[in-house]
Structure formats: C-alpha cells, structure tokens
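To start, the structure itself, in structure tokens.
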Protein chains: 2
Amino acid sequence: MKVDGARQLEEFRRYLSEHNLPATQQRLAVAEALFYAVDHLSAEDVAKQVAKKRRPVGTATVYRTLDLLVQSGLAREHDFGEGFKRYEPVAGGQAHEHCICSSCGRVMEFSNDRLERMIALLAEEVEFRPHHHRLEIYGLCRDCQQANPLARAR
Amino acid sequence: MKVDGARQLEEFRRYLSEHNLPATQQRLAVAEALFYAVDHLSAEDVAKQVAKKRRPVGTATVYRTLDLLVQSGLAREHDFGEGFKRYEPVAGGQAHEHCICSSCGRVMEFSNDRLERMIALLAEEVEFRPHHHRLEIYGLCRDCQQANPLARAR
DNA sequence: ATGGGTGCAAATCCTTTGCACTCGG
DNA sequence: CCGAGTGCAAAGGATTTGCACCCAT
C-alpha cells in the first residue's frame, strides 16, 4: 500500500530517538528502501535495493532493522507461503487485506471498513481482545483467470 | 476444529485410490494422527503421535504425506509465526478463522457465515476469483487479559 | 513384477547468533 | 569516550532431496 516515504522515515527517526537507539546509516537506508517500495519486499529484496541506492548492508543488519521496523509499527510482516517472509510499510492504522494469486504470485490489496468492524466484533464475541489481524485470500487474479479460464485455483 | 476422524480417513483412502497412489501404512498413519488430533499439530507433533500410536515414520514421509493431505483438501496449513508450520484437519467446506493469543500462544476458532460471504464478495470486487482464505486475529485471550489487565497485545 | 514410496542422511534455504571492530550521541 | 550497532561467517532449525531398498497394487 502506498505510503509517504519521507514522512515514514521521519517517524522512524523519531521512534529511534525516543527509544535511545542510534540512527545509523544502515538503519535509515533499510527503512528508506522499504518505505519507498511499491511492493511487498523480501529481506533479500530490501538488501538489493539498499545496495543499489546506497551502500551494501550486511544481511544480519537487514533482518535486525526489519524487526525494529515491525516493532515500531511502521512495517508489517507477511508469509505468503513462499518459504520466506515479506515486508511492507504501514501508514498509521490503515488496515488492509491481501489477495494472493495462486498461479502467478501477484498480490493485490483492498480495504473495507465494514469488514474491519466485523472482524473486531467477532473476536470480541469469543472474549478475545484483538490487536491486529491478517486476512489472506488465495485464488486467481484477473489475468490468470483469462489466461486459463478453466483453471481451478489451488 | 473437530472432525470425524474415521470418515476423514475414508476420504483420504478414496483420494489416494482415485489418484492411483498407494495407500501405504505410513500415509494412513500420518493421516490418522492428524484427523484424530484435537489441536493444530506441527510436522514434529504428527511424527510423535504416529510413533506413539503406530510405528515411527521418517520425517520426509511425514512432510510428503502432509503435503498430500493439503493437496487433497483434507488438511490445512498454518503459519502462526512460530518459525514452523502447523496442520489441521478440514471437514469439507467448513470455513473457520483463528484467534492467536500473542501472550500464551493459544489458538481459538470461530466461524461466521456473514463474514465468509463478505470476504468472497470483497475479493470479487477486485476481479479476483477466491478459492480459499485465511484470517488470523492476533491479540490476548481471555485468560491472558485477566492475568495481565494492562498488557497490550503485541 | 514394478513403479512409486520410504528412510536415512546430506543438502538447502531463510534467519539468527557470536564476536571483534566501528561509530553515533 | 563507550555502549550499542555492524559485518562476517558460522550456527540453527525447518523442510527438501538423492538414492538404494521395499511394498502396495
């Protein structure tokens, strides 16, 4: 989901200083790569982006910084069943869900307030205090439906 | 979610013969372990159950059979962010969702037809042909809310 | 009989960790 | 300055794979 990269980077700086954590080149470079990404990036993707735009950063640092970003609430972690995780920037509070194409792997997003409210309500019905959630819909994207009209999504 | 183990095992047998796949001792033992489980089992849990009730089965076979079960639609795979996958039996078509306690790891289930319908509808709105989905709600279960009233779910 | 299944162990792949060195505040 | 952060490479843990042997059909 599109976010304002510059603004997000500023938020991250604030988070770091509030927590007495040094704002190192590496941390900022990793955060920047994620915040300006248009897609859901894997840790490796992030490392590549950083290497391209700035200066290579160690794998460990990439993972450590991604963890920080997740903890700060500025990023979200996903597992689309590919055997590794993907990350995406989060613009404060905008919940949204994902459709993952079983055929080509494309990920689409949508959001719907009524859905969000219903989810919160249903959780409370089982005496659960919801914090966040993740909805992934697997099936066929438009292109793959056309390419293979009879295909049954896996 | 509770399913009829014997019935499910029969379904698996049918699936195997329909696909010209041998119904080996190991496959049946793995399927049985999963179908009679009350919880969401990891591959290792499954192996342990099989070893206890029947005869030890190789790790590779456990994974291979779990894949078969998922492909046959008789089992479902989950990643609750623990670093490994969990599996649960699926009784034909009964969609249900999960609440995962961030504090103690307990998993609760619920289902709601209105939610299911809304999810299908929203996917179609973005020209996506949904096949199945996964909704995971993270937060605090009732016990953990009481044990730590001020805790903020992660 | 016989083609696929199984077990074992080695291989993979993503992610984490230990440690000496470097740097931001 | 100095404790936290970084890079490297080695470790870790779940899952997969290669291959000789075995068993349902």
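To find a chain, count down the sequence lines: A is the first, B the second, and so on, and within it residues start at 1. Computation of the quantities below employed the complete heavy-atom set of this structure, encompassing side-chain atoms and omitting hydrogens, waters and symmetry-equivalent molecules.
Across all strands, A:Phe84 comes closer than 4.0 Å only to sugar-phosphate atoms, never to a base (heavy-atom distances).
Under a cut-off of 6.0 angstrom, the local environment of CD in B:Glu82 is crowded, with over 12 non-hydrogen atoms contributed by other residues, nucleotides or ligands.
Annotation: side chain of B:Ile137 is in contact with side chain of B:Phe110 (closest heavy-atom distance under 4.5 Å). Side-chain contact between B:Phe80 and B:Val107 is present, with at least one heavy-atom pair separated by less than 4.5 Å. In this structure, the side chains of B:His96 and B:Glu88 come closer than 4.5 Å at one or more pairs of heavy atoms. A:Val62 has its side chain out of reach of A:Val50: every pair of non-hydrogen atoms, C-beta onward, lies at least 4.5 Å apart.
We find that A:Asp79 and A:Arg134 are not joined by a salt bridge, their nearest charged nitrogen and carboxylate oxygen being 4.0 Å or further apart.
Put simply, chain A comes within 4.0 Å of DNA chain C, heavy atom to any atom, from C:dC14 to C:dG25, going 5' to 3'.
Proximity of a side-chain donor or acceptor of B:Arg54 to a complementary backbone N or O of B:Ala29 within less than 3.5 Å is not detected. Between the side chain of B:Gln146 and the main chain of B:Cys141, no donor-acceptor pair closer than 3.5 Å is present.
Rounded to an integer number of Å, the gap from B:Arg13 CZ to D:dA24 P is 12 Å. For the pair A:Tyr63 OH and D:dG7 P, the interatomic distance rounds to 15 Å; values are reported in whole Å. Between A:Lys85 atom NZ and D:dA14 atom C1' the separation is 12 Å, expressed in whole Å.
Of the candidates D:dT15, D:dT17, D:dG7, the closest approach to any side-chain atom of A:Arg64 belongs to D:dG7.
The distance between the ring centers of B:Tyr138 and A:His131 does not fall below 6.0 angstrom.
Over its length, the helix from C:dA1-D:dT25 to C:dG25-D:dC1 turns its helix axis by 40°, as judged from the five terminal pairs at each end, rounded to 10°.
Listed by residue number, the members of residues 17-34 of chain B with any heavy atom below 4.0 angstrom from DNA chain D are B:Ala23, B:Gln25.
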Open item on the list: B:Lys48 vs B:Glu44, test: salt bridge (Lys or Arg N to Asp or Glu O under 4.0 Å). Steps then yes/no.
Closed with: CA-CA 6 Å; B:Lys48 276 192 196 127; B:Glu44 196 186 340; 3.6 Å; yes
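The residue among A:Pro56 and B:Thr59 whose nearest nucleotide of DNA chain D is located toward the 5' end is A:Pro56.
Taking the six-membered ring where tryptophan is involved, the planes of B:His40 and B:His78 are perpendicular, since the angle between them exceeds 60° and thus also 30°.
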